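All remarks here apply to the structure that follows.
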Amino acid sequence: MTPPMLAIRDLNVWFGEPPDRVDAVKSADISVAQGESFGLVGESGSGKSTILRAVAGLIDSWSGDLQVAGLKVRGARRDRQFFKTVQMVFQDPYASLHPRHSVDAVLSETLHLQGIGNVDQRINKLLDDVGLGRSFRFRYPHQLSGGQRQRVAIARALAAEPRLLLLDEPTSALDVSVQAEILNLLSDLRAEHDLTYLMVTHDLAVVGHMCDRIAVMQHGRLVEELPVADLRRGAAKAEYTRGLIEASGSLGATA
Amino acid sequence: MTNTMTRREWLLSDAPQTRRQARLGAFYQGWLTFRTNKLAMLGLIILILLLGMAAFAPLLAPHSPFAQDLAIRLQPPSAEHWLGTDALGRDILSRLIHGSRITLFIVGTVALIAPLIGLFIGTVAGFAGGWVDQVLMRITDIFLAFPKLILALAFVAALGPSIGNAVLALALTAWPPYARLARAETLTIRHADFIAAARLQGAGRARLLFRHIWPLCVSSLIVRVALDMAGIILSAAGLGFLGLGAQPPMPEWGAMISDGRAYILDFWWVAAMPGLAIFTVSMAFNLLGDGLRDVLDPKGGAK
Amino acid sequence: MTDAPLLSVRNLRVTFPTRQGLFQAVRGIDFDLGRERLGVVGESGSGKSMTGRSVLGLIRPPGRVEADRMEFQGQSILNLSERRMRKIRGQRISMVMQDPKFSLNPVMTVGRQITEAYRLHRRVSRADAHAKAIEMLRAVQIRDPERVMDSYPHEVSGGMGQRIMIAMMLAPDPEILIADEPTSALDVSVRNEVLSIMDNLVRDRGMGLIFISHDLNMVAQFCDRVLIMYAGRIVETLPARELHKARHPYTQGLLASLPRLDAPQDRLPVLTRQDSWRDDDLIAPRADTDLPGGL
């Protein structure tokens, strides 16, 4: 049997030292199978993004058991093999691109760091993959729209040909029409490259569209885990989940 | 296709085709912003003239800066000596022209060394955090606790008066504010998503520091340096005035004022002419700094 | 709706000079606002925020505001002097911005900010202003107003902050409230609460509301009428209830591109922008009358 792409057991993440210690995530268990798209839903401060950052190695104050593709990871140290397996797309495309680096600089640095040769061809291929095209290669972030920036960020994440993509609210800073484009792109890429997604969002309609299974978080705890089909049928068990569904008005509010 | 495009359109293109076009385009945008600031342009022109003056000093100077002629000492400005002569009968204009080389040397070296030290210490402190930050910043605080000129005086007094030592002393006293600035910038950048993204590509600390953080700190440092240039010139002149910088008979502007001090009431031009030169150049750097701020500082600048 | 509109705008244009020539953020829009809730919807860069700001005279030079008419209760408010604009802004036309974090002063207690804002517009004693502030905080359903009055902005949550902003803005009883993305910085569960509070206040006082947002469905829920803006122009005006009957391809595209829980689909329809949308004839308001039964 193949091990799950990502297995998180009893994950605790905290910030600060005891008198001011804040527990952002409390004993979370998540398992994401290979090829699956898993959604983490919650409101701000629920700890959903914190889980992603702990997995990516951007936070070192955590405890628990973390396995990526069957391999255990520890602390905040991640080796090159890890970065070849796991990549992340950030929420705000205006903050996740270096303002003084052109698209070309961003992608060639990534390829260089991943030890991938044939840079020119790879960059063109990546830009084609994310639907930007080669004419965008030498532009700076300020010459790109929000959606185009997010495409560059996705290209950067794909450069190392990872198997697990961590998506941190990848469309919440974008207009709805652009959101549709990016979500479609993500669906296509997942099919083409056989990717596994762990997606964090506050938008139930977006997870409903993108994911197979979701977990709902509140105050650092997982409240409920359910298949998206149940979410659609309104078969959520936890009261909190039902409240979220109602508040987001995604079910039948447009009628 | 490029034939139908003017050079301006090529530079301002939103879709550059090559790395070179992208770079030149970014540079041209900055130049256009800078050009709208008339005063900054004035500063730039003065500085270009100063550079030219220093480069062609032997050709421009009507007399030798060192030739003494006691028969014509302390002459007021005249057709023969446009800015008059000093106590040893040397032509003040020629000395000013040759002195521009010394001034530029001092300013240029200090402006190169001090920000580099500051940038390095500040970004390392800000990026590493923890005890490294504490140690580096306390050292910075110690340097900041002394008045700049006094500290420079102490250095020169210990190392012996000479132009090289003056430069060294000025550089060693000028870096702390840059370290502070660079650290503050680093702290705001450190947690940015693009740094996290680079870490996820496997970028090491050195790469993050030099490739990602430095380029963002450099622009505000350049602005700050340009604004500080006037202060550096004045400190250099101060050291010269106190006899701790350039040694006679070198025509350093500060030392020239010092020479003229004894006659300031009766022969005002001896001290006033180099004073005017220092004033003009300081002002030019200040104006340039203001203009550069519009171009380089992303904050507060109109898009 | 027989009385004259509160606000009447004709051919409003907002332009900014750039290196590539004049940038037209708003390109000749007309609208009237009665004692109703008017939604202004559009994507970023559509000029919706600029429209709101130009009404309050908040477009800074070198930006320019021009219009054939911009009247507030029959009085022209186009390019008023700052001194005269200040008498209107806050007192008769108020604005609630996106993020309470940036619009509340971090070093002043909430109570002081509300009372001072109120005293700027009404000559009342400190005690009366205090009483008014408490009354307003109650009106936005803050349970413990005395305690909130003494707290600083960082001590309150985002939803609470936005309610405080609304209390502050409505204290001088303005006739028009302009809300620019008032809930986009808030979580969904607080969002509805804040909206319904604002909605109730606006309705009780018979005010005019201009609700600027990118969220079509939310606007449809909370407004009477919706203007849809694209590239600086109004492409369509609709009664909010009939949003799903929208006829302009842009509006239809926007609605279709939203993922929906109740109607799963493999791919989301993507909006293909057409140049003609920039300048074509507009879909006439109340166009539903000639299409009985809708499409």
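Labels below follow one simple rule: chain letters A, B, ... track the order of the sequence lines, proteins then strands, and each chain is numbered from 1. Remember, it's a predicted structure, so these values are computed and weren't measured experimentally.
At a 4.5 Å heavy-atom cutoff, A:Arg80 makes no contact with chain B through either its backbone or its side chain. In this structure, chain B has no heavy atom under 4.5 Å from any part of A:Arg134. For chain B, the nearby part of A:Tyr140 is the side chain; its heavy atoms alone come within less than 4.5 Å. Looking at A:Leu58, both its backbone and its side chain come within 4.5 Å of chain B, counting heavy atoms on both sides. When heavy atoms are compared at a cutoff of 4.5 Å, A:Ala160 does not approach chain B at all. Only the side chain of A:His101 comes within less than 4.5 Å of a heavy atom of chain B; its backbone N, CA, C and O stay farther away.
When each of A:Thr110, A:Leu113, A:Leu144 is checked for heavy-atom pairs under 4.5 Å with chain B, A:Leu113 comes out on top. The choice from A:Gly57, A:Ala56, A:Ala95 that makes the most heavy-atom pairs within less than 4.5 Å of chain B is A:Ala95. Across A:His98, A:Gln143, A:His142, the residue that shares the most heavy-atom pairs under 4.5 angstrom with chain B is A:His98. Highest contact tally toward chain B, considering only A:Arg78, A:Met88, A:Glu109, A:Lys84, is held by A:Glu109 [criterion: heavy-atom pairs under 4.5 Å]. Of the listed residues (A:Pro99, A:Ser102, A:Ser135), the greatest number of heavy-atom pairs within a distance under 4.5 Å of chain B belongs to A:Pro99.
Rounding to the nearest 0.5 angstrom, the gap separating the CG atom in A:Leu174 from the CD atom in A:Glu169 is 11.0 Å. Here the straight-line distance linking atom CD of B:Gln201 with atom NE2 of A:His112 works out to 12.5 Å at 0.5 Å rounding. Atoms OG and CG, on B:Ser282 and B:Asp228 in that order, are 12.0 Å from each other to the nearest 0.5 Å. In this structure, OG1 on A:Thr201 lies 10.0 Å from CG on A:Leu167, to the nearest 0.5 angstrom. For the atom pair OG (B:Ser235) and CG (B:Leu151), the distance works out to 11.0 Å, reported to the nearest 0.5 Å.
Between B:Trp214 and B:Phe210, the angle of the ring planes goes over 60°, which puts this pair in the perpendicular group of the 30/60° scheme.
A:Lys48 has no carboxylate O lying under 4.0 Å from a charged side-chain N of A:Asp168, or vice versa, which leaves the two without a salt bridge.
In this structure, the salt bridge (charged side-chain N to carboxylate O under 4.0 Å, His left out) partners of A:Arg21, at least two apart in sequence or on a different chain, are A:Asp23.
Within residues 113-130 of chain B, no residue has any heavy atom closer than 4.5 Å to a heavy atom of chain A.
In this structure, A:Val106 and A:Arg156 approach most closely via the heavy-atom pair CG1-CD, 3.8 Å. Considering every non-hydrogen atom in both A:Leu66 and A:Ala54, the closest pair reads CD2-O, 4.3 Å.
Side-chain contact check for A:Asn118 and A:Gln121: at least one donor-acceptor pair (N or O, by modelled atom type) lies under 3.5 Å.
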